[in-house]
Amino acid sequence: MGKLVVASQSLSAADRLQALDPQAARRALAARVDGRLVDLSRLVEPEAPVSAVTPADPEALKLLRHSTAHIMAEAVRALFPGVKVAIGPAIEDGFYYDFEYTRPFTPEDLPAIEQKMAEIIKSNQPFSRRMAPKAEALAAFAAEGESYKVELIEGLEGDTVSLYSQGGFTDLCRGPHIPSTGKVGAFKLLSVAGAYWRGDEKNAMLSRIYGTAFFDKKELKEYLHLLEEAKRRDHRKLGKELELFSFHEEAGAGLVVWHPRGMLLRYIIEEFERKEHMKRGYHMVQGPQILKRELWERSGHFDHYRENMYFTEVEGQAYGIKPMNCLAHMLIYKSKVRSYRDLPLRYFELGTVHRHEKSGVMHGLTRVRAFTQDDAHILCTPEQVGEEILGVMKFVTEVMAIFGFDYKLELSTRPESSIGSDEDWERATAALVAALQKSGRSYEINEGDGAFYGPKIDVKLRDALKREWQCATIQCDFTLPERFDLHYVASDGSLQRPVMLHRVILGSIERFIGVLVEHFAGAFPLWLAPEQVRVLTVTNRADDWAREVEAELKARGVRAESDLRNEKLSAKVREAQVFKVPYMLILGDREVDERLVTPRLRSGQNLEAMNVEAFAARLAEEAQPRVDAQAKEKQ
RNA sequence: GCCCACGUAGCUCAGUAGGUAGAGCACUUCCUUGGUAAGGAAGAGGUUCAUCGGUUCGAUCCCGAUCGUGGGCUCCA
């Protein structure tokens, strides 16, 4: 709460704004006093600077949505007597409110709630704020059976709490709110979901209703359109349409089956990765899928990661199916005596791991139970750690630029369940922080979000729809080298302990491909497109020439196919468009006579007829790994 | 793992107040040789509606369990 002194000559924020700028005052939803948002009805000191928060203000939507959540709570209370209200904040794209009722709410309940909300909005009830002594508020909520509010108040500091009322509904709330319910221009309830009280799975499951609100109907319509666009780009839908991959109930949840086109895409990405790693001094290695259980006990995985692992037994010997690739890499390091002159050693593996994810968390390619990481472990001296981390960060920057992603950085620190000494954690964290600072990029901190063996830098990609995805991560580990007793001979002849960095660039190939599909809406840039060129014949008189063109392109390394079916050209064009093939070559009598091809771009644009050599030269130029601006355009 | 919803032909979806199921696309055959997003005709396709069990004279439709999917929560590359 603000520490505003109510002087005798204090005016409400609304009055102050009225005096300052009547035009803005009319549109104001709240006021900003000393940088703090307050209700228009709040009294403010005469000297305090006041400005209007109008719908154009970035904070305004949050206010509106939070107020709409209150309106929804009022509607739900009116329609479902006995319901308990929990919390209802504004979120990224809207708001929600959590309830406890004799039964969970279902989508069928939403229309009635929306209708009631519309009535409340139409009646234009003012939101009014009052401060109440804690004891009084507690008694009031307890009398109504609002046990969640009671719990919230008990957790609050101070002697008084603020309450907001509109119509017949009063809620514990910090505020501020819009002046009255009539300011809600457009809203929609979107979905229902279960949610744990206070986000803890040990607590009761509440019934959550999600919705969104805007100042006018046009904005709501645009938002709903964006949801449609996201649906259109959904990699699960496109993955099926483009014949990239499939999932099968009979195979198991979260297990991807790659079809030829999807596998080709994977191959292209993996080959790109191998080359990029070789350029940067990594060695390719490969470990087995299963390793003895004792090894997982030694590494700490058995104690800290068992829930996520699959185990099997052969001839009385217990094995763990690998959920991470680090163990084999340590065995390689240990296979001979290492000198400081050998370091850093960078082991790279496209390693397929299996993790037993909880049944409710799988999601297309982005959350699966078996996936391949572009994983590497860097073993180096303590002095080399900083430079190695920076090297990885540079690697990430270069690769993301090629794929066309912007990203942000996060630092995750020691979690509750972890191994290693405090000193090691401090050293490791300090090394990451130093590298982050040296990189000059800003970063956020996630307390307690590190891996069990070390802190990490997470890289979150931002895709074309501004959604964020966790892909790359860099983890600093002093503990596993200790547990596996790794060492190297230092320049003075003494045995020293190396430091290990765990890192991935794309993360999981599966997830990354899912993100790529959505980012490009399936229209991959030429270098990634599984099928780069499709040769289309106008009549079967061009079949021989088409076969020749296809063979010639293939010989030059172009991924070309031809469509010689007895179909009209328009049908062939349509199918190639559906598969989002970057180039079509139209071959009719004219092309046959002059041994030419007429390229048609995915955008619909036609190029002049040219010979195969000229076309191949154009492709060779365009097919370098880099972002094709055209491919990012909407299809 | 938890809450809610859903699971009908390869795909997208209709349908039955419980009486043994339909369309479009795709597929096959034939006709058509047609210049830039679907030419025409015929045919085949579900062991009967995810699986198993229950209620019922009778279940795709009601109930339960299991598997899977979707939206969330928790967790995560």
Side-chain angles (χ1 to χ4, degrees), chain A residues 96 98 103-109 190-210 231 234 236-237 240-241 243 246-255 305 307-308 323-324 351 353 355-375 412 449 451 456 458-460 469-473 475 502-512 514-515 536-543 566-579 584-591 598-602 604-606 635:
Chain A
Y96 67 79
D98 286 345
R103 61 167 177 88
F105 294 116
T106 70
E108 285 76 56
D109 295 322
L190 298 170
S191 60
V192 294
Y196 300 108
W197 167 236
R198 296 195 148 164
D200 188 332
E201 62 183 326
K202 290 191 273 297
N203 288 341
M205 177 66 74
L206 304 176
S207 185
R208 174 173 296 179
I209 301 177
Y210 282 96
K231 224 185 248 179
D234 192 318
R236 294 166 300 184
K237 179 170 174 278
K240 200 180 280 181
E241 287 173 10
E243 296 176 7
S246 60
F247 290 92
H248 299 266
E249 187 174 341
E250 50 275 55
L255 302 172
Y305 209 72
E307 301 298 299
N308 288 294
M324 297 186 193
V353 297
R355 298 185 184 175
H356 182 206
E357 300 293 345
K358 289 185 189 174
S359 61
V361 307
M362 260 79 75
H363 181 94
L365 290 180
T366 60
R367 196 73 187 275
V368 293
R369 283 183 170 156
F371 57 99
T372 301
Q373 295 178 301
D374 59 336
D375 204 0
S412 295
D449 245 12
K456 57 180 183 170
D458 285 326
V459 179
K460 295 247 164 86
W469 303 92
Q470 159 81 69
C471 288
T473 170
Q475 306 170 353
H502 308 242
R503 48 105 290 186
V504 290
I505 304 293
L506 305 183
S508 139
I509 304 294
E510 282 76 2
R511 173 178 292 182
F512 190 75
V515 174
L536 309 180
T537 49
V538 179
T539 72
N540 58 20
R541 290 189 296 279
D543 286 4
N566 178 10
E567 290 289 349
K568 290 200 155 196
L569 179 61
S570 55
K572 297 183 185 185
V573 167
R574 176 173 193 278
E575 193 161 318
Q577 288 288 155
V578 167
F579 278 96
M584 287 162 238
L585 294 181
I586 313 296
L587 272 53
D589 291 339
R590 295 202 292 272
E591 286 79 8
T598 301
R600 178 197 208 267
L601 275 57
R602 185 161 52 184
Q605 185 197 346
N606 271 317
Q635 285 300 303

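Just so we're on the same page: letters track the sequence lines, and every chain starts at 1.
Annotation: B:U51 and B:A21 have their P atoms spaced 15 Å apart (nearest Å). With P as the reference atom, B:A44 and B:G24 are 14 Å apart, rounded to whole Å. Rounded to whole Å, the C1' atom of B:U74 lies 12 Å from the corresponding atom of B:C3. For the P atoms, the distance from B:C4 to B:G40 is 48 Å, rounded to whole Å. Taking atom C1' on both B:A14 and B:A9, the two are 13 Å apart, rounded to the nearest angstrom. Annotation: B:U55 and B:A42 have their P atoms spaced 48 Å apart (nearest Å). Nucleotides B:U8 and B:G1 are separated by 30 Å at their C1' atoms, to the nearest Å. For the P atoms, the distance linking B:A17 with B:C62 amounts to 12 Å, nearest Å.
What separates CH2 of A:Trp197 from P of B:C3 is a distance of 19 Å, to the nearest Å. Atom P of nucleotide B:A77 and atom CG of A:Asp458 are separated by 7 Å, given to the nearest angstrom. When rounded to the nearest whole Å, the span between OH of A:Tyr196 and C1' of B:C4 equals 13 Å. The CE atom of A:Met362 sits 16 Å away from the C1' atom of B:C73 (whole-angstrom rounding).
With hydrogens and angles left out, the side chain of A:Arg541 and the base of B:U33 share no donor-acceptor pair within 3.5 Å. For a distance-only test at 3.5 Å, the side chain of A:Arg208 fails to qualify as a donor-acceptor partner of the base of B:C4. At a cut-off of 3.5 angstrom, the base of B:A77 holds at least one donor-acceptor pair with the side chain of A:Glu357. No hydrogens or angles were tested; on distance alone, nothing pairs the side chain of A:Glu243 with the base of B:G10 as donor and acceptor under 3.5 Å. With hydrogens and angles left out, the side chain of A:Arg511 and the base of B:C76 share a donor-acceptor pair within 3.5 Å.
Put simply, A:His356 has no side-chain N or O that comes within less than 4.0 Å of OP1 or OP2 on B:G1. OP1 or OP2 of B:U69 has not a single side-chain nitrogen or oxygen of A:Arg367 nearer than 4.0 Å. Note on A:Ser359: a side-chain N or O is less than 4.0 Å away from OP1 or OP2 of B:G1. In terms of phosphate contacts, A:Arg574 brings no side-chain nitrogen or oxygen within less than 4.0 Å of OP1 or OP2 of B:U36. At the phosphate of B:C4, neither OP1 nor OP2 sits under 4.0 Å from any side-chain N or O atom of A:Ser207.
Within 4.0 Å (heavy atoms only), A:Val368 reaches at least one base atom of the nucleic acid. Across all strands, A:Arg236 comes closer than 4.0 Å only to sugar-phosphate atoms, never to a base (heavy-atom distances). At the heavy-atom level, A:Gly199 lies under 4.0 Å from the strands shown only through sugar-phosphate atoms. Among the atoms of the strands shown, none is found under 4.0 Å from any heavy atom of A:His248.
Ring stacking holds between A:Phe371 and B:A77, with the centres under 5.5 Å apart and the planes within 30 degrees of each other.
For A:Asp200 and A:Arg198, the salt-bridge test fails: no basic side-chain N is under 4.0 Å from an acidic carboxylate O. Comment: A:Lys358 engages A:Glu201 in a salt bridge, judged by a side-chain N to carboxylate O separation of less than 4.0 angstrom. Of the charged side-chain nitrogens involved, at least one lies within less than 4.0 Å of a carboxylate oxygen, so that A:Lys456 and A:Asp458 count as a salt-bridged pair.
In this structure, the nucleotide among B:G35, B:G70, B:U12 sitting nearest to the side chain of A:Lys240 is B:U12. You'll find that the side chain of A:Lys358 is closest to B:G1, out of B:C4, B:A77, B:G1. Of the candidate nucleotides B:A50, B:G71, B:U36, B:G71 has the atom lying nearest to any side-chain atom of A:Ser191. Among the nucleotides B:G71, B:G34, B:C76, the one closest to the side chain of A:Arg355 is B:C76. In the set B:A77, B:A37, B:G72, B:G72 carries the atom at the smallest distance from any side-chain atom of A:Tyr210. Closest approach to the A:Val578 side chain among B:A5, B:A37, B:A77 is made by B:A37 (side chain taken as heavy atoms from C-beta onward). Taking only side-chain atoms of A:Met205, from C-beta outward, the nucleotide of B:G71, B:G72, B:U33 with the closest atom is B:G72. Which of B:C4, B:A38, B:A77 sits closest to the side chain of A:Lys456 comes down to B:A77. Relative to the side chain of A:Asn606, the nucleotides B:G71, B:U36, B:C76 differ in distance, and B:U36 lies closest. In this structure, the nucleotide among B:A77, B:A38, B:C75 sitting nearest to the side chain of A:Thr473 is B:A77.
When all heavy atoms of A:Gln475 and A:Ala451 are compared, the pair lying nearest together is OE1-CB, 4.0 Å.
Judged by distance alone, the side chain of A:Arg369 and the main-chain N or O of A:Glu357 form a donor-acceptor pair under 3.5 Å.
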